[in-house]
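Before we start, here is the structure in question, set down as structure tokens.
What you see below is based on every heavy atom in this structure, not just the backbone, and it leaves out hydrogens, waters and symmetry mates.
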Amino acid sequence: MTDDAPIRPRLVLATTLLPDGPEGLERLREALSAGDVASVFLDPTGRADAAFQDFCEAAVPIVQEAGAAAIVAEDTRCAGRVKADGFHTSGGSIEALGEAMARFSPRLIVGASGFNTRHDALEAGERMPDYVLFGKLGADGDAEPHRRNVELGGWWSSIVEIPCIVQGGGDLATLPQAIATGAEFILLSRAIFGEAEGVAARVTEANRLFDEAAVVEAA
């Protein structure tokens, strides 16, 4: 964010906690039907290669039919096979980001995470990704967002035009801390999928908090 225009962030989800099979897919459908979701990170953590491929093949059409972008993390072959909308690399490697940009951009959305200092983040930004994520898929076990992610997201949003995603905490009650960074996108996983029941209600509540913050900012 490089001007004083209010930012109404959009919700990004990660599938880290979703189980394989129909149960996980149904929770994903529930989330996507309950309010605005910009994109979904399909996270391979905890899944064997074949299981992740199967999960993505089933999940990508669900995400896309809901009007969101399906972004596959880490597995380039899977991203191509399932016709994902984007690819994410999370190792904090400038070289890996550059390779992904050369291979996939602009055909796919390309972004990265793992940059834990301002210097590294700016160096990543020089590769002109579609976004930079401050956070780590699956690392939202605490109720509050990680302080470093909040600080980096607020700094980035104030000076850099490339959008950023800030990882929120595991409890929706702390979502205002992530919203206050001015980031264009907020990533949630545990705060939405941490319990099997109430997924839709939590997506609705996240969007209500986004709307509320935008109104306050514009006032």
Side-chain angles (χ1 to χ4, degrees), residues 8-90 96-97 99-113 129-133 135-138 140 163 165 167-168 172 184-207 210:
R8 191 279 189 194
R10 298 189 68 197
L11 179 60
V12 176
L13 300 175
T15 64
T16 312
L17 297 178
L18 292 179
D20 290 330
E23 182 181 354
L25 296 173
E26 182 55 34
R27 290 186 203 172
L28 181 60
R29 287 191 187 93
E30 184 179 349
L32 291 165
S33 69
D36 178 58
V37 176
S39 57
V40 177
F41 283 105
L42 301 168
D43 183 8
T45 301
R47 290 185 170 92
D49 290 347
F52 183 57
Q53 174 86 25
D54 291 343
F55 179 79
C56 289
E57 285 180 351
V60 165
I62 294 172
V63 174
Q64 293 173 338
E65 287 168 9
I71 300 177
V72 170
E74 310 308 337
D75 191 330
T76 57
R77 289 185 297 178
C78 178
R81 289 170 180 168
V82 303
K83 296 180 173 57
D85 300 293
F87 172 74
H88 179 81
T89 177
S90 63
L97 173 57
E99 290 175 355
M101 291 294 296
R103 180 174 179 181
F104 294 118
S105 183
R107 180 169 54 89
L108 298 183
I109 299 165
V110 177
S113 58
D130 293 291
Y131 65 86
V132 171
L133 164 63
K136 180 180 180 181
L137 299 180
D140 57 349
I165 305 172
Q167 184 176 41
L172 277 183
E184 291 87 350
F185 303 93
I186 307 295
L187 170 65
L188 297 177
S189 179
R190 187 170 300 277
I192 301 297
F193 296 123
E195 297 179 8
E197 301 298 324
V199 169
R202 291 190 289 275
V203 170
T204 299
E205 175 63 6
N207 276 289
F210 292 156

Report task. Could you grab the distance from atom CD of E184 to atom CZ of R8, nearest 0.5 Å is fine? Result -> 13.0 Å
Query raised in the report: Hey, what do you get for CG (D130) to NE2 (H88), rounding to the nearest 0.5 Å?
Result: 12.5 Å
Side-chain donor-acceptor contacts of residues 188-195 below 3.5 Å, not counting sequence neighbours, with atom names and distances?
residue : atom : partner : partner atom : Å
S189    : OG   : A14     : O            : 3.3

Query - R27 side chain near P19 side chain, heavy-atom distance below 4.5 Å - result: yes
Query raised in the report: Is the shortest side-chain N to carboxylate O distance from D75 to R47 below 4.0 Å?
Result: no
**Report entry** L133 side, atom CG; T89 side, atom OG1 - distance, nearest 0.5 Å
**Finding:** 11.0 Å
**Report entry** Residue pair A200 / A34: nearest heavy atoms and the distance that separates them
**Finding:** O-CB, 3.3 Å
Query raised in the report: Once you round to the nearest 0.5 Å, how far does CG of L25 lie from OG1 of T15?
Result: 10.0 Å
Report task. Name all residues meeting the salt bridge (Lys or Arg N to Asp or Glu O under 4.0 Å) criterion together with R202; count only those two or more places apart in sequence or in a different chain, and write none if there are none. Result -> none
Query raised in the report: Can you name the nearest heavy-atom pair linking V37 to A31, along with the distance?
Result: CG2-O, 4.2 Å
Query raised in the report: Where the side chain of Q167 meets the backbone of K136, is there a donor-acceptor pair that is under 3.5 Å apart?
Result: yes
**Report entry** Side-chain heavy-atom pair I186, F210 within 4.5 angstrom cut-off
**Finding:** yes
Query raised in the report: Once the angle between the rings of F41 and Y131 is folded into 0 to 90°, is it parallel (under 30°), tilted (30 to 60°) or perpendicular (over 60°)?
Result: perpendicular
Query raised in the report: If only atom types and distance count, is the side chain of D85 paired as donor or acceptor with the main-chain N or O of I71 below 3.5 Å?
Result: no
Query - E74 side-chain N/O to S90 backbone N/O, donor-acceptor pair under 3.5 Å - result: yes
Report summary line: Between the CG atom in L13 and the CG atom in L187, the distance rounded to the nearest 0.5 Å is 8.0 Å
Query raised in the report: What's the spacing between L137 CG and S113 OG if we round to 0.5 Å?
Result: 6.0 Å
